[in-house]
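Report on the structure given below.
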Amino acid sequence: MDPATPRTAYLDATAGIAGDMLLAALVDAGADLAGVQRVLDALVPDSVRFVRSDVDRGGQRAVKVDVEVLVDDPPHRTWASIRELLERSRGNVDVPERTVDLALAVFGRLAEAEGATHGVPADEVHFHEVGALDSLADVIGACEAWRQLGITEGTASVIAVGSGRIRAAHGDIPVPVPAVARLAIGWPTVAGEILPGRGHHHAHDHDHDHDHDHHHSHDEHLPAHAQGGPHAHGSRKVPPGVAPGIGELATPTGVALVRGLATTAGPQPAMTVLALGIGAGTKDTPGRPNVVRVLIGEPVGHPTGSPLHDVHDTPTSAVQIEANVDDLDPRLWPGVVDALLDHGALDAWLTPIVMKHGRPAVTVHALARHDAADELADLLMRSTGTLGVRMHAVERRIRTRSFEHVEVRGQRIAVKVARDDDGTVVRREPEFRDVAAAARVAGLTEREMLHLARTAAEG
Ligand SMILES: O=C([S-])c1cc(C(=O)S)c[n+]([C@@H]2O[C@H](COP(=O)(O)O)[C@@H](O)[C@H]2O)c1
Ligand code: NI
């Protein structure tokens with residue numbers, strides 16, 4: 001996405017991370033879970049249900065998102081088949097292109113890491129039965145929530161991966177589990193033991209991994225200490241030569257999401273924080289809130305975007321609605337275009353055409369956000385009387401835009417500032433509607449006012 005206002009997200013994975021935790025944090029920060037559900041329903045109908053709840057994790061309020069798998073015997077999926085499912089959805093108005101792009105990047109990493117771990121080509125990696133739906137829900141859900149929030153760049157902290165050993169489908173394996181160890185290459189990680197020297201809390205005396213325990217292909221992934229394993233409580237046995245550990249804090253899906261969504265590892269970048277989300281893991285460990293935090297804000301140094309040009313208003317993926325009309329009273333056309341714009345069209349315009357039998361006519365076009373397309377199609381049909389419309393998904397390349405203001409002869413005029421990808425200003429253009437209004441008040445021609453406004457904007 002290349003929205004009007006850049007949005008930075010900072011992911012705090014210092015307590016660990018799993019796919020459902022990140023999705024929950026993004027929902028807490030403002031993403032619409034019903035919208036996320038719609039995307040999953042479009043891709044895998046009647047298969048998963050997201051359930052949101054508010055929970056307490058170590059004394060902190062957090063949002064928990066549970067993924068309920070609704071089918072008893074879901075199909076076996078390889079990475080190749082998941083990729084095909086996602087690719088096939090392009091053009092489906094209910095599945096935003098950006099969500100597909102992000103999910104492909106995340107799943108691709110997950111499949112590469114799993115494939116390399118087991119020595120099989122990534123395409124052949126199996127996401128087993130229920131686990132496939134669970135992974136789809138976590139990955140696509142988090143990517144859709146990320147898209148909804150208009151996040152343009154992501155930074156993430158060091159990832160606490162955990163330590164010790166766990167019992168997974170692949171047997172008794174070390175933490176970080178093999179797939180996480182691979183996914184983490186090139187990213188700072190730490191075991192994430194409890195900080196020492198705080199009264200009764202001690203590195204080995206609690207149950208704290210989030211044990212992302214929805215029904216999973218890699219079932220039996222109980223932390224070793226929960227099974228009397230190496231880093232067990234007091235009397236539990238620790239095999240000789242094996243350091244006790246804290247358990248699994250980061251899952252493969254969680255780390256693949258960090259790697260696919262965040263481009264920078266490090267501390268929180270300078271930003272004006274606009275939203276905060278806290279996402280809960282399954283385990284509730286006293287003294288160690290088992291949460292992922294997400295901070296979303298406006299990078300410092302970028303001017304504030306006008307609230308009228310919210311990031312959600314300029315998606316790169318949209319729906320173009322069109323109809324050829326040869327029988328509308330021509331005096332009604334300006335009102336049709338205005339009504340489409342008033343009802344949220346990103347743009348609306350008319351093209352003169354010549355239809356069959358040499359009939360002069362008009363094509364009316366409207367560009368709509370995916371979630372507004374049906375409503376705008378209805379409006380277009382009602383206001384023109386046409387019996388049908390064409391709708392197709394389109395991709396746009398949009399410069400990052402924000403607004404500044406100049407004052408000319410005491411009149412305030414908005415100036416649209418367009419930037420290229422590295423933030424360099426490529427154009428400053430006064431809004432013509434403001435120019436025309438200011439010209440009327442100041443008693444100048446529109447041409448004179450436009451010249452003054454452009455000069456002020458450049459200055
Ligand atoms: O790729 C997956 S799903 C996976 C790989 C491995 C390997 O290390 S190989 C282990 N697991 C275990 O399954 C659960 C859930 O993980 P999700 O990433 O699917 O949420 C977890 O305990 C992993 O260690 C999964
Ligand atoms: Ni595996």
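Numbering of ligands and ligand atoms starts at 1, following listing order. Bear in mind the structure is a predicted one, so any value in this text is a computation, not a measurement. For reference, positions follow the sequence shown, starting with 1.
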Taking all heavy atoms of G91 and all of E97, pick out the closest pair and write down the distance. N-OE2, 3.5 Å
Looking at every heavy atom in both A137 and L23, which two are closest together, and how far apart are they? O-CD2, 4.5 Å
Evaluate A179 for polar contact with ligand 1, using N/O atom pairs at a separation under 3.5 Å. yes
Residue-level breakdown please: for P252 versus ligand 1, do any non-hydrogen atoms fall below 4.0 Å on the side chain, on the backbone, on both, or on neither? both
Heavy-atom contact check, 4.0 Å cutoff: does P178 meet ligand 1? yes
Value for CG (L104) from CG (L86), rounded to nearest 0.5 Å, stands at 5.0 Å
Distance in Å, R98 CZ paired with R147 CZ, rounded so as to fall on 0.5 Å steps: 9.0 Å
If we only count N/O pairs under 3.5 Å, is D138 in contact with ligand 1? no
Which of the atoms of ligand 1 are close to H118, meaning less than 4.0 Å from one of its heavy atoms? 9 (S)
Option among T14, D12, D28 that satisfies the side chain to side chain donor-acceptor pair (under 3.5 Å) test with R293: D12
Ligand 1 atoms nearer than 4.0 angstrom to some heavy atom of V177 are 8 (O), 24 (O)
Closest non-hydrogen atoms of L149 and R7, given as atom of the first, atom of the second and distance, are O-CG, 4.1 Å
Just distances here: any N/O of T253 and N/O of ligand 1 closer than 3.5 Å? yes
